[in-house]
Amino acid sequence: MLRRHLLLGFAGLAAMSAAAPVAAQETVKVGLIATLTGPQAASGRQKVAGAKLYMALNGNMVAGKKIELIIKDDTGVADITRRHAQELIVNDKVAAISGFSLTPLALAVAPVITQAKIPAIIMTAGTSIITERSPYFVRVSFTLPQQSVPIAEWIAKNGAKTAVSLVSDYGPGIDAQDAFKMRFEEKGGKVLEQLKAPLANPEFSAFLQRAKDLKPDALFLFVPAPTAGSLMKQVIDRGLIEANIKVVGTGDITDDDQLNGIGDSVLGLVTSHFYSAAHDSPMNKKFVEEFKKANPGMRPNFIGVGGYDGMHAFYQALEKTKGDTDGTKLVEAMKGMSFESPRGMLTIDPATRDVVQDVYIRKVEKKDGELYNIEFDVVKQVKDPIHK
Ligand code: VNL
């Protein structure tokens, strides 16, 4: 290099330094911490597929810089998530980290990102409190209260007077049951019992029997999406649907990734959620088509969309800062950001850094031989009802 400079002489040097930024092609690294092994592995598969698809369709150059995605598997263990976050920040010098399936995995990185002043884009985890744990969290997924309030309203409006809830016993489950109860009871209903099943053990039959014995009009369910298959099979086996109990939940229980495996017994089941693979928009049609092409045998779910939109938020932020990777500036750039996603319009609330979006009421139907959540009603631009 030096010799070439000398040989080129002054004119050559000037020409080279003008070309230097392109030639150097500074790389901006983004960490993606996904759960790719263990019981929640389906979530990591979706997230990585979504993030990679975004890059495949939008290129890897932003504000003159080359984006490099570094993918890590946390196996669903919070200590490993934290260690990956530290290594990505300290060794790889990433401009941002992203991912986080289960809530405890997101919470584990809060002190790390606060200290390092590096943004963390939450692509899945849905406990309300997470974004309050660090000013460097930005969420593009959802919160459970945001999704649970609309279905509480819908079921109250559709004649249910009593309900029982059954959720996984950790952050998002507690959020979901409490938000459901709050709105259902505001609407004149009564929650008879709030049942909680351990997250680690997908054995629901005793809880489902208890729910059945209480004879409520409705049963509200939440489990993390990768657990939906085992929950719903037990719901079917215990005969809750035939017992004339209206089974509802957040869309995690009829997740697009698992729904075909659950089978026709859940036809007609109503849930609320921010994304369905059947969402009717030109953007989503293209997204689903490209996702399927890039990932044979898979169709996107809300976690895939989270991966896709998380990358978009980062690209947009880096564009806005004109390539400046200062973490605080990147977070500032994401505050108030609004864009069209395969789910519909999404806004990052500038005050909470949390996602504001439409929540759809959907019903399981068969279309072209596959089960889908078909949207039939919508609550526009819902904010998390728990944040102050
Ligand atoms: C969470 C919430 C995880 C909803 C999920 O699947 C989900 C969480 C991995 O906050 O832990 O569907």
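Order of appearance sets the numbers: ligands from 1, and atoms from 1 within every ligand.
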Original post:
Of the protein's non-hydrogen atoms, which lies at the shortest distance from atom 4 (C) of ligand 1, and what is that distance?
Top reply: Asp252 OD2, 3.2 Å
Original post:
Which residue and non-hydrogen atom of the protein lie closest to atom 2 (C) of ligand 1, and at what distance in Å?
Top reply: Phe222 CZ, 3.8 Å
Original post:
Are Lys366 and Asp264 close enough for a salt bridge, meaning some N to O gap below 4.0 Å?
Top reply: yes
**OP:** Hey, could you give me the OG1/CD1 distance between Thr271 and Ile253, rounded to the nearest 0.5 Å?
**Re:** 6.5 Å
Original post:
Which ligand 1 atoms does Ala125 reach within 4.0 Å, using its non-hydrogen atoms?
Top reply: 8 (C), 10 (O)
**OP:** Compute both the distance and the angle, then confirm whether Lys190 meets the cation-pi test with Phe184: under 6.0 Å from the six-membered ring centre, within 45 degrees of the axis.
**Re:** no
Subject >> Nearest-0.5 Å distance that lies between atom CG in Leu318 and atom CE in Met334 >> reply: 9.5 Å
Original post:
Are any of the N/O atoms in Gln40 less than 3.5 Å from those in ligand 1?
Top reply: no
Original post:
Is any NZ, NE, NH1 or NH2 atom of the basic residue among Lys65 and Glu26 found under 4.0 Å from an Asp or Glu carboxylate oxygen of the other?
Top reply: yes
Original post:
Polar-atom distance check: Thr103 versus ligand 1, any N or O pair below 3.5 Å?
Top reply: yes
**OP:** If you link ILVMFWY side chains whenever their heavy atoms are less than 4.5 Å apart, which other residues fall into the same cluster as Ile374? By chain and number, please.
**Re:** Tyr372
Original post:
Under a 4.0 Å heavy-atom limit, does Ala106 contact ligand 1 with its side chain, its backbone, both, or neither?
Top reply: neither
Subject >> Nitrogen or oxygen of Pro224 less than 3.5 angstrom from that of ligand 1 >> reply: no
Subject >> Lys320 side chain to Ala333 backbone, donor-acceptor under 3.5 Å >> reply: yes
**OP:** Using a strict 4.0 Å cut-off to heavy atoms of Pro226, name the atoms of ligand 1 that fall inside it.
**Re:** 6 (O), 9 (C)
Original post:
Who's closest to atom 1 (C) of ligand 1 heavy-atom-wise, of Phe100, Phe302, Tyr170?
Top reply: Tyr170
Original post:
Which atoms of ligand 1 have any heavy atom of Ser101 under 4.0 Å away?
Top reply: 1 (C), 3 (C), 8 (C), 11 (O)
Subject >> Distance-only side-chain donor-acceptor flag, Thr328 / Tyr136, under 3.5 Å >> reply: yes
Subject >> Sub-4.0 Å atoms of ligand 1 with respect to non-hydrogen atoms of Gly126 >> reply: 8 (C), 10 (O)
